[in-house]
Number of protein chains: 2
Amino acid sequence: MASATIRDVAREAQVSVASVSRVLNGSDNVRPEMRERVEAASRRLGYTPHAGARSLSLSRAHAIGVMLPDLHGEFFSEFVRGMDREAAKAGLQLLLSNMHADAGQAVEALKTMRGRVDGLIVMAPDIDPALLFSHLPQSLPAILVSSDCEGSAHPQIQVDNMGAAEVIVDHLVASGYRNIVHISGPAGNREAVAREHGYREAVRRHGLSPRVIQGDFSEEAGTAAASEILRNRDGADAVFAANDMMAVGALVVFRDAGVAVGGEMGLAGFDDVPLARLISPSLTTMRVDIAGIGARALTMIAAIVNGDTAPDSEPLRPELIIRQTTKAGK
Amino acid sequence: MASATIRDVAREAQVSVASVSRVLNGSDNVRPEMRERVEAASRRLGYTPHAGARSLSLSRAHAIGVMLPDLHGEFFSEFVRGMDREAAKAGLQLLLSNMHADAGQAVEALKTMRGRVDGLIVMAPDIDPALLFSHLPQSLPAILVSSDCEGSAHPQIQVDNMGAAEVIVDHLVASGYRNIVHISGPAGNREAVAREHGYREAVRRHGLSPRVIQGDFSEEAGTAAASEILRNRDGADAVFAANDMMAVGALVVFRDAGVAVGGEMGLAGFDDVPLARLISPSLTTMRVDIAGIGARALTMIAAIVNGDTAPDSEPLRPELIIRQTTKAGK
DNA sequence: CTGTTAGCGCATTCAA
DNA sequence: TTGAATGCGCTAACAG
């Protein structure tokens, strides 16, 4: 049996559909008696407006589309939680779409959102936003999250990855380490590139020499990199991994090899996933307020959709979380 | 500037809107030449169909609504990943809604999905499904995930929480432990109740006596419970926590107190979160294929929406992951 | 094979 | 204050 429509309610309440619409949308120019009648009828029929029809008529879907890369764990859940919190406040729904594989599919996914959402939140560290949006209805407002890309036409929420990487290298140097190896994120990932950039900059500033092992944000990459470091025994005394998962992979290798992490060997990650605190020894890292990013992204797109001028926010600065201290013997 | 509509495309290609619709929906009865013309025009205008209008006309939204409780970390991301994987295959979008606080809000959230989605996947371990669905358009197909509740009118994806709890208690007993304490999940949570049920059943079967400390799935609850156990020193030689996070909380307390976890003190969790493997000593636990549950949920609701008879699946059986072994001295 | 048209459910003008 | 009528963008039934 099909759901009740506004017409069913109108018939049940013996009024016109226009009146039903007025009552349900809180127009003030309705007599209390009619309001009563309509509300009763609506309740009796268990009426709920059809969002599709509503969106067609209002040109407003009251929903925001979200396009994310393949995120894992807390990163994903916290980001969505932050958005959801604000979305609930603003009376907006969240339409989620994971980005698979190539840019072509991503564009397709974005397209299916037209007429379904009022705005887009896009996190696409691996894809050129220009390409992504070139095929898009330009009438759909969109914002980019943490893309570290210059000169986009779309507003962005930035995270200061480069500055944060410098902070952590500075900390390692201050702790007495001099031969700091960087395990990088996937090539082409803009966040990873920014972090490597910061690493190189800080190392240069301290008059040290950079050394980068290519990684890909996976625990296995950390494992591999650490094994390589142990194999070479080339004087490396600290590792800065571009994210926590790689740092954890490295940590396990060092631990198993009897290398004192936090003493003989410095180690730092990036993200402050929960695991960073719970693993032992726990991990020095940069904390990113992921839920906060999500919340800001939603607030911003909601403002744009409402025609308010979007307050273009300054970059979010991650916070240094120190859990290991100085190099032994220093 | 508003997006191009099907009419704009029709005008641009000098054909009728019906033809445009036919071309774009892959009807076979169109001359290649016209197909060509329409596709060109569509491309030129960057046309994308309006999902709202489409849904209105087709009575199909090509989207599935998902209502989740406040999930964290891998649990959330894996579940969504599983659904998303199948959704992409089936050409469906995912409309996500976190369940906040009380049942009333949940019902409201469900209502706003009408006309927006073709079916619902609901995970609500803390809310009575009957209540949830009583206010719902009965025309909206819905399935319940892991609700461990009998006699619902809606199809369900079940996880055999009770059986799994028995398995893990059996394992602890087989490892030589006799005095097994259970840290339970939140009262009123059906999954938690099922696990406690299994614990009690297995303990009874082995002729041992049950002892339950009330928890709430949080790490802190595990911490508190373990502290209590240490304080009392009442002969408890093993702990089965209703989830991994509580087990981790307990583990840290035991570790800090110098209690040999896995030897002197048995410990087991439930879920197999990534942390369970990485923490040291790593955790014996039950692995639940969370992505698999999500995938099955989506496959099932998709089948129902398509009018296929839903293959009512049998309960998913978690897998025992042994990472600690026998009681020392046995 | 193609065009015309009705109608999906709703909000909203315009009249009354 | 209320009702009748129009249109939002699209698909499908019907005619040609």
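Any value given below was found using the heavy atoms of this structure, including those in side chains, with hydrogens, waters and symmetry copies removed. Small disclaimer: the values here were computed from a predicted structure and weren't measured. By convention in this document, chain letters (A, B, ...) are assigned in the order of the sequence lines, proteins followed by strands, and residues within each chain are numbered from 1.
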Asker: Is the distance from OP1 or OP2 of D:dC10 to the nearest side-chain N or O of B:Ser57 less than 4.0 Å?
Answerer: no

Asker: Please check if any side-chain donor atom of B:Thr112 sits under 3.5 Å from a side-chain acceptor atom of A:Gln93, or the reverse.
Answerer: yes

Asker: Atom CG of B:Asn29 to atom P of D:dT11: distance rounded to whole Å?
Answerer: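 Answer to the nearest Å: 14 Å.
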
Asker: To the nearest 0.5 Å, tell me how far A:Leu68 CG sits from A:Met83 CE.
Answerer: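 Atom-to-atom, A:Leu68:CG and A:Met83:CE are 5.5 Å apart.
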
Asker: Roughly, in whole Å, what's the span from CG in B:Leu56 to P in C:dA6?
Answerer: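 After rounding, the gap between these two atoms is 17 Å.
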
Asker: Taking atom P of C:dA11 as reference, at what distance in whole Å does atom CG of A:Asn25 sit?
Answerer: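 About 4 Å, once rounded to whole Å.
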
Asker: Checking side-chain polar atoms at under 3.5 Å, does A:His72 have a donor or acceptor matched by the opposite partner on B:Arg81?
Answerer: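 Yes, side-chain donor-acceptor contact under 3.5 Å.
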
Asker: Tell me if a side-chain donor or acceptor on B:Thr5 pairs with a main-chain N or O of B:Arg7 at a distance below 3.5 Å.
Answerer: yes

Asker: Taking for each residue the nucleotide of DNA chain C bearing the nearest heavy atom, is the 5' side occupied by A:Leu24 or by B:Gln14?
Answerer: B:Gln14

Asker: For the pair made of CZ in B:Arg116 and P in C:dG9, what is the distance, rounded to whole Å?
Answerer: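 Those two atoms, CZ and P, are 17 Å apart.
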
Asker: Under 3.5 Å, is there any donor-acceptor pair linking the side chain of A:Arg22 to the base of D:dG3?
Answerer: yes

Asker: Side chain of A:Met34 only, please: which of D:dG3, C:dA11, C:dT2 is the nearest?
Answerer: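 Out of D:dG3, C:dA11, C:dT2, the nucleotide with an atom closest to A:Met34's side chain is D:dG3.
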
Asker: With respect to the side chain of B:Leu58, which nucleotide from C:dA11, D:dT11, D:dG9 is positioned closest?
Answerer: D:dT11

Asker: Give a yes/no on whether any side-chain N or O of B:Arg7 is located under 4.0 angstrom from OP1 or OP2 of D:dC10.
Answerer: no

Asker: Quick one: is D:dT1 close enough that its OP1 or OP2 comes under 4.0 Å of any side-chain N or O from A:Arg35?
Answerer: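 For D:dT1, OP1/OP2 do not have a side-chain N/O of A:Arg35 under 4.0 Å.
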
Asker: When all nucleic acid strands are considered with a 4.0 Å heavy-atom cut-off, which category describes A:Ser19: base, sugar-phosphate, or nothing?
Answerer: sugar-phosphate

Asker: Report the residue (A:Val17 or B:Val15) whose heavy-atom-nearest nucleotide on DNA chain C is the more 5′ of the two.
Answerer: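 By nearest-heavy-atom nucleotide position, the 5'-most residue is B:Val15.
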
Asker: D:dT1 P sits how many Å from A:Glu33 CD, rounded?
Answerer: 13 Å

Asker: With the side chain of B:Thr5 defined as its heavy atoms from C-beta on, choose the nearest nucleotide among C:dC1, C:dT4, D:dG9.
Answerer: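 The closest nucleotide is D:dG9.
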
Asker: Only one of A:Met113, A:Arg114, A:His154, A:Met67 clears side-chain contact (heavy atoms from CB on, under 4.5 Å) with A:Leu120; which?
Answerer: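 Result: among A:Met113, A:Arg114, A:His154, A:Met67, A:Met113 is the only option passing the side-chain contact (heavy atoms from CB on, under 4.5 Å) with A:Leu120.
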
Asker: To the nearest Å, give me how far apart CD1 (A:Ile6) and C1' (D:dG7) are.
Answerer: 15 Å

Asker: Just compare C:dG3, C:dG9, D:dT1 and give me whichever is closest to any side-chain atom of B:Ser16.
Answerer: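 Between C:dG3, C:dG9, D:dT1, the one nearest the side chain of B:Ser16 would be C:dG3.
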
Asker: In whole angstroms, how far is the P atom of D:dC10 from the CZ atom of B:Arg54?
Answerer: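 Distance check: B:Arg54 CZ to D:dC10 P gives 9 Å.
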
Asker: To the nearest angstrom, how far is B:His50 atom NE2 from D:dG9 atom P?
Answerer: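 B:His50 atom NE2 is separated from D:dG9 atom P by 7 Å.
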
